[in-house]
4 protein chains.
Amino acid sequence: MTIQVIVLNGGSSSGKTGIARCLQAVLPEPWLVFGTDTLVGAIPASMQTSAAGIEFAADGQVLVGPRFRALEAAWIEGIAAMARAGARIIVDEVFLGGAASQQRWKAALDGLRVLWVGVHCDSAVAASREIARGDRIIGMAASQAAVVHQGVGYDLEVDTTRAEALDCARAIAAHC
Amino acid sequence: MTIQVIVLNGGSSSGKTGIARCLQAVLPEPWLVFGTDTLVGAIPASMQTSAAGIEFAADGQVLVGPRFRALEAAWIEGIAAMARAGARIIVDEVFLGGAASQQRWKAALDGLRVLWVGVHCDSAVAASREIARGDRIIGMAASQAAVVHQGVGYDLEVDTTRAEALDCARAIAAHC
Amino acid sequence: MTIQVIVLNGGSSSGKTGIARCLQAVLPEPWLVFGTDTLVGAIPASMQTSAAGIEFAADGQVLVGPRFRALEAAWIEGIAAMARAGARIIVDEVFLGGAASQQRWKAALDGLRVLWVGVHCDSAVAASREIARGDRIIGMAASQAAVVHQGVGYDLEVDTTRAEALDCARAIAAHC
Amino acid sequence: MTIQVIVLNGGSSSGKTGIARCLQAVLPEPWLVFGTDTLVGAIPASMQTSAAGIEFAADGQVLVGPRFRALEAAWIEGIAAMARAGARIIVDEVFLGGAASQQRWKAALDGLRVLWVGVHCDSAVAASREIARGDRIIGMAASQAAVVHQGVGYDLEVDTTRAEALDCARAIAAHC
């Protein structure tokens with residue numbers, strides 16, 4: 001069985017993006033990486049600060065409105081279509097809605113061979129890495145660390161608290 | 001008739017991205033912007049400097065290999081699927097292959113209402129803006145200015161040589 | 001007389017940075033570019049949103065507090081010292097305080113050969129370019145366009161409303 | 001004794017920048033962070049690929065030419081002047097020349113209270129983090145890991161192989 005889509009789910013500053021880049025380096029075929037950041041970068045600037053779009057509150061809470069949800073649904077369909085057209089895809093995601101978020105992706109990716117990966121990181125360690133990154137709203141890491149995994153089912157779980165991104169990527173690659 | 005996809009085609013430093021952002025600001029509904037830069041950012045780092053992937057030569061030439069072409073075909077299918085799923089999309093593209101590039105997009109966007117927009121800029125002016133941007137390989141603007149429009153058909157053409165991006169965006173928005 | 005420091009002063013989105021990069025390209029000797037953005041990038045993240053530091057309000061106003069002012073004074077001394085040590089320097093600045101801001105720089109640059117350049121841009125055009133840039137707080141361009149030039153004396157003034165950055169840079173280079 | 005300048009020296013991807021940001025967060029007073037990246041960002045684009053300036057070779061070697069060295073000397077003088085004018089400064093540096101690089105900084109910082117900090121990271125771990133960052137030339141981390149510390153004297157040494165940036169920052173802050 002060859003995997004067509006790898007979904008990495010974890011809170012902000014849990015290390016998903018580093019793992020995604022390492023996966024691109026260790027997997028023999030070329031894989032595309034897309035994630036929440038790609039979608040947020042594609043929406044109008046005005047939607048990035050509005051209740052109907054997506055809001056990044058000062059305390060690190062992320063609030064998602066109906067207009068963003070509608071665009072996100074189309075985005076997920078598009079990613080699924082890319083995979084069906086033959087591209088191998090790594091999805092770098094934050095399931096703010098936990099099980100409900102996974103369900104949305106599962107429905108769209110129906111029929112594709114998907115590897116579901118949980119990316120964990122101790123909440124305090126993720127919060128300290130958020131400070132070290134310097135460009136993140138403080139509080140996102142702590143507020144997302146646990147909630148994004150609630151009710152989510154995985155094929156594989158990694159923990160970046162003590163493991164390097166490259167080692168996590170190798171463990172994931174062994175399942176592809 | 002309501003437009004579902006706006007395709008902006010023009011050479012490097014012709015002003016496409018600025019027009020795309022202004023379109024997001026002036027159009028009443030939310031539009032997503034995706035482009036060549038999104039795809040290049042999603043491919044493995046190793047493919048960004050290899051003959052099979054995409055190479056940015058020191059003289060500004062961009063060389064695209066078979067592996068990149070295959071991923072690009074899937075990417076185009078995905079963008080079309082997003083539009084079919086209801087998202088309005090602005091495509092910020094460089095048709096390095098002229099008419100052949102347009103044909104690839106046309107086939108994928110079949111059945112969708114597309115506005116084809118040519119973004120022109122005097123070659124010398126685009127080259128001077130490339131210097132002002134500071135982060136571009138010198139020579140891309142001049143080498144692409146004419147070739148990307150060869151054999152390409154448009155619904156509308158704008159020229160940023162003397163017009164501001166916002167004015168070009170307003171002219172385009174009038175056709176949506 | 002050989003110029004040691006070129007000070008470019010203009011409002012947000014007036015085109016200073018593009019001119020600075022073009023100056024680096026057209027001047028025969030290597031010049032360093034430093035500006036407000038360099039200093040803002042060097043201060044603690046917490047100072048970028050506090051009344052004692054620097055605040056970028058939602059309406060485009062920039063509010064500078066006493067702690068930022070103190071660090072800025074040391075920063076200006078440092079730039080002057082680099083010029084005295086032999087580096088040619090282009091300062092990319094926004095004189096939020098008009099004549100008072102220029103006076104601070106004048107005192108620090110005492111004894112150095114400085115070319116003071118005013119970078120103008122029609123307020124509506126600068127505001128439209130701010131939208132096209134996509135990453136700026138809307139309103140900064142309009143609120144700064146006139147106020148930054150109040151009471152400021154120049155050796156040379158350029159206007160980017162209709163002129164390209166490279167042409168402005170050539171006009172400035174002719175005075176170095 | 002109150003420290004005026006903290007010099008962090010370590011190879012590429014050893015974690016200096018993360019420590020610097022954490023230091024800004026934990027130290028009670030505002031500190032400015034400047035480093036090699038600031039200087040490289042300030043030089044002309046043409047010098048970033050020339051033998052007289054600074055070259056980043058495909059194998060990760062960094063080659064520094066005479067024109068870059070001259071500008072760097074003035075830059076170091078400027079940083080020292082900022083500290084003398086009252087700004088607290090964190091220098092985020094790579095001593096490519098080992099002891100000789102430290103000597104240049106020592107001469108310029110004469111009379112200031114400086115804390116010299118060595119930032120170590122196991123070479124293989126730094127190389128794996130370089131892959132995870134995605135935007136670095138592969139090979140820099142390994143080629144610099146040991147050489148930058150040769151003959152350099154420190155007040156304090158930290159190791160990011162297993163410690164988080166925030167913990168390293170707290171250890172350093174205890175000496176300020």
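Naming convention: chains lettered A, B, ... in sequence-line order (proteins, then strands); numbering from 1 in each chain. These numbers come from the heavy atoms of this one structure, side chains and all, not from hydrogens, waters or symmetry mates.
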C:S13 vs C:R133, side chain to side chain donor-acceptor pair (under 3.5 Å): CA-CA, chis, key distance, verdict: CA-CA 8 Å; C:S13 290; C:R133 291 171 79 174; 3.0 Å; yes
Donor-acceptor contact present, side-chain D:R113 to main-chain D:Q4, <3.5 Å: no
Salt-bridge present (D:R69, D:E72; N to O < 4.0 Å):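 Salt bridge between D:R69 and D:E72, a charged N being under 4.0 Å from a carboxylate O: yes.
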Residue pair C:R67 / C:L71, side-chain heavy-atom distance below 4.5 Å: no
Heavy-atom proximity to chain C below 4.5 Å, by part of D:W75: both
Chain C interface, residue from D:T38, D:I76, D:I43 that has the most non-hydrogen pairs under 4.5 Å: D:I43
Leading residue by heavy atom contact count with chain D [cutoff under 4.5 Å; candidates C:P44, C:A81, C:G78]: C:P44
Winner by heavy-atom pair count (cut-off under 4.5 Å) against chain D, out of C:G86, C:A85, C:A74: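 Of the candidates given, the most pairs with chain D belong to C:A74.
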